[in-house]
Amino acid sequence: MTDRNSSPRDGAGTAPVLELDDVHVRYGGSHILQGVSFEVPATGVTALLGRNGVGKTTTLKAVIGLAPRSGRILLQGSEIQTTSTAKIVRGGIGYVPEDREVFGGLTVDENLRLVAPDQGVEAPVVGRLFPDLVARRGQRAGTLSGGQQQMVSLARVLLRDNALLLIDEPTKGLAPKLVTEVADVLAEVARTTPVLLVEQNLPLVRRIADRVVVLDAGRVVHRGAAADLVADADLTRELLGVSMRREGVA
């Protein structure tokens with residue numbers, strides 16, 4: 001496993017917000033996570049990278065309690081590996097799943113009022129980061145574009161007071177313009193709340209991530225500064241099987 005020096009922006013000198021220590025996940029006869037260990041600093045964006053099927057989404061689900069896990073998981077120093085998903089969410093972890101999971105039959109405002117009944121689209125964070133959702137407050141979420149649904153999913157989780165956000169492939173399937181809009185929102189959010197981000201878009205990772213953790217076959221094979229990884233074409237190709245491209249995020 002490679003392990004580069006930490007980025008100067010990774011929260012050095014403060015306790016990590018999240019720690020995974022020898023985490024395993026098994027589904028039936030499949031051993032998906034095989035002793036995953038890493039930390040998420042209390043500031044900035046940590047990107048969780050790897051080829052398809054290596055356990056990135058499973059790692060997020062293990063943290064939030066949606067996958068059967070063993071090992072130790074600590075949120076702000078307290079163990080949560082035996083805690084229910086509901087209690088983990090109440091304890092300060094916000095989760096944005098890969099498939100957005102908005103309620104298509106409800107309006108934008110109704111989706112948000114499920115979290116903040118007294119505010120909905122009137123919440124200050126929605127007006128500041130998602131003005132298009134305010135304009136579409138009465139539109140059913142199922143009729144929105146993929147990018148707009150992603151904004152609803154992000155807005156919904158931001159209506160809570162979070163110690164950490166887990167965000168799974170927020171730009172998947174989005175047009176370049178919407179990728180840029182999502183990147184803008186994530187960069188703004190990360191100024192105040194640490195983010196553990198699963199993402200395939202390396203230009204976006206280069207723009208907003210401070211550190212990276214790379215998985216392969218259910219194990220951590222690299223930890224280090226995001227800038228170092230994306231600047232090293234040979235290492236990027238070795239770890240991710242792709243070449244770094246310059247387009248994708250303005």
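By convention here, the first residue in the shown sequence is residue 1. Quick caveat, the model's predicted, so the values are computed rather than measured.
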TODO: Would you check, one step at a time, whether the test side-chain contact (heavy atoms from CB on, under 4.5 Å) holds for Ile208 with Leu197?
DONE: CA-CA 10 Å; Ile208 70 171; Leu197 172 71; 4.0 Å; yes
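- Summarising the geometry, atom CG belonging to Leu159 is positioned 11.0 Å from atom CG belonging to Leu154; distances are rounded to the nearest 0.5 Å.
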For residues 62-77, dump all side-chain donor-acceptor pairs below 3.5 Å to protein atoms at least two apart in sequence or in another chain.
from, atom 1, to, atom 2, distance (Å)
Arg69, NE, Ala62, O, 2.9
Arg69, NE, Gln81, O, 3.4
Arg69, NH1, Gln81, O, 3.2
Arg69, NH2, Ile80, O, 3.1
Arg69, NH2, Gln81, O, 3.4
Arg69, NH2, Thr83, O, 3.3
Arg72, NE, Glu79, OE2, 3.1
Arg72, NH2, Glu79, OE2, 3.2

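- Nearest heavy atom pair, residue Leu133 against residue Val126, reads CB-CG1, 4.4 Å.
- Ala183 and Leu204 get closest at one heavy-atom pair: CB-CD1, 3.9 Å.
- A heavy-atom distance below 4.5 Å is found between the side chains of Arg207 and Asp184.
- Under the 4.5 Å side-chain criterion, counting only non-hydrogen atoms from C-beta, Pro97 is not in contact with Lys61.
- Nearest heavy-atom pair across Val102 and Ala141 is CG2-CB, 4.0 Å.
- Heavy-atom minimum distance, Val134 versus Gly127: CG2-CA, 4.1 Å.
- Side-chain atoms of Asp99 do not come within 3.5 Å of backbone N or O of Glu101 as any donor-acceptor pair.
- Taking CZ of Arg100 as the start and CD of Gln150 as the end, the distance is 5.0 Å to the nearest 0.5 Å.
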Open item on the list: With side-chain contact (heavy atoms from CB on, under 4.5 Å) as the criterion, how do Phe130 and Leu112 come out once you've worked through the C-alpha distance, each side chain's angles and the decisive distance to 0.1 Å?
Closed with: CA-CA 12 Å; Phe130 309 99; Leu112 300 185; over 6 Å; no
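- Val157 has its side chain out of reach of Ile167: every pair of non-hydrogen atoms, C-beta onward, lies at least 4.5 Å apart.
- Between the side chain of Thr171 and the main chain of Leu174, no donor-acceptor pair closer than 3.5 Å is present.
- Of the possible donor and acceptor atoms, none in the side chain of Ser153 sits under 3.5 Å from a partner among the backbone N and O of Gln149.
- A distance of 13.5 Å separates CZ in Arg137 from CG in Asn111, rounded to the nearest 0.5 Å.
- Val96 places none of its side-chain heavy atoms less than 4.5 Å from the side chain of Pro170.
- For the pair Thr236 (side chain) and Leu229 (backbone), a donor-acceptor distance under 3.5 Å is present.
- Atoms CZ and CD, from Arg51 and Gln200 in turn, are 11.0 Å apart once rounded to the nearest 0.5 Å.
- The distance from the CZ atom of Arg26 to the OG1 atom of Thr58 is 13.5 Å, given to the nearest 0.5 Å.
- The two residues Thr14 and Ala42 have their closest heavy-atom pair at OG1-CB, 4.1 Å.
- Summarising the geometry, atom NZ belonging to Lys56 is positioned 11.5 Å from atom CG belonging to Leu33; distances are rounded to the nearest 0.5 Å.
- Note on Leu106 and Val121: separate hydrophobic clusters, where clusters join Ile, Leu, Val, Met, Phe, Trp and Tyr whose side-chain heavy atoms are under 4.5 Å apart, directly or indirectly.
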Task: Check against side-chain contact (heavy atoms from CB on, under 4.5 Å), Tyr95 and Leu60 - done: CA-CA 8 Å; Tyr95 177 50; Leu60 298 192; 4.2 Å; yes
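- Between Glu188 and Arg191, at least one side-chain N (NZ, or NE/NH1/NH2) sits under 4.0 Å from a carboxylate O, which counts as a salt bridge.
- Judged purely by atom type and a 3.5 angstrom limit, Asn162 has no side-chain atom pairing as donor or acceptor with the backbone of Leu165.
- With sequence neighbours left out, the side-chain contact (heavy atoms from CB on, under 4.5 Å) criterion links Glu98 to Thr57, Asp168, Glu169, Lys172.
- Using a 4.5 Å heavy-atom threshold, the side chains of Leu215 and Val220 count as touching.
- Arg156 has its side chain within reach of Phe103: a pair of non-hydrogen atoms, C-beta onward, lies under 4.5 Å apart.
- Val40 is not listed as a side-chain neighbour of Pro16, based on a closest heavy-atom distance of 4.5 Å or more.
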TODO: For Val213 and Val36, run side-chain contact (heavy atoms from CB on, under 4.5 Å): C-alpha distance rounded to whole Å, both residues' side-chain angles, the deciding distance at 0.1 Å, then the answer.
DONE: CA-CA 10 Å; Val213 175; Val36 168; over 6 Å; no
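- No side-chain heavy atom of Met151 sits under 4.5 Å from any side-chain heavy atom of Leu129.
- At least one donor-acceptor pair under 3.5 Å links the side chain of Asp210 to the backbone N or O of Val45.
- Within 6.0 Å of CZ in Arg140 there are 12 or fewer heavy atoms belonging to other residues, nucleotides or ligands.
- Contact detail for Gly138 and Thr107: the closest heavy-atom pair is O-CG2, 3.4 Å.
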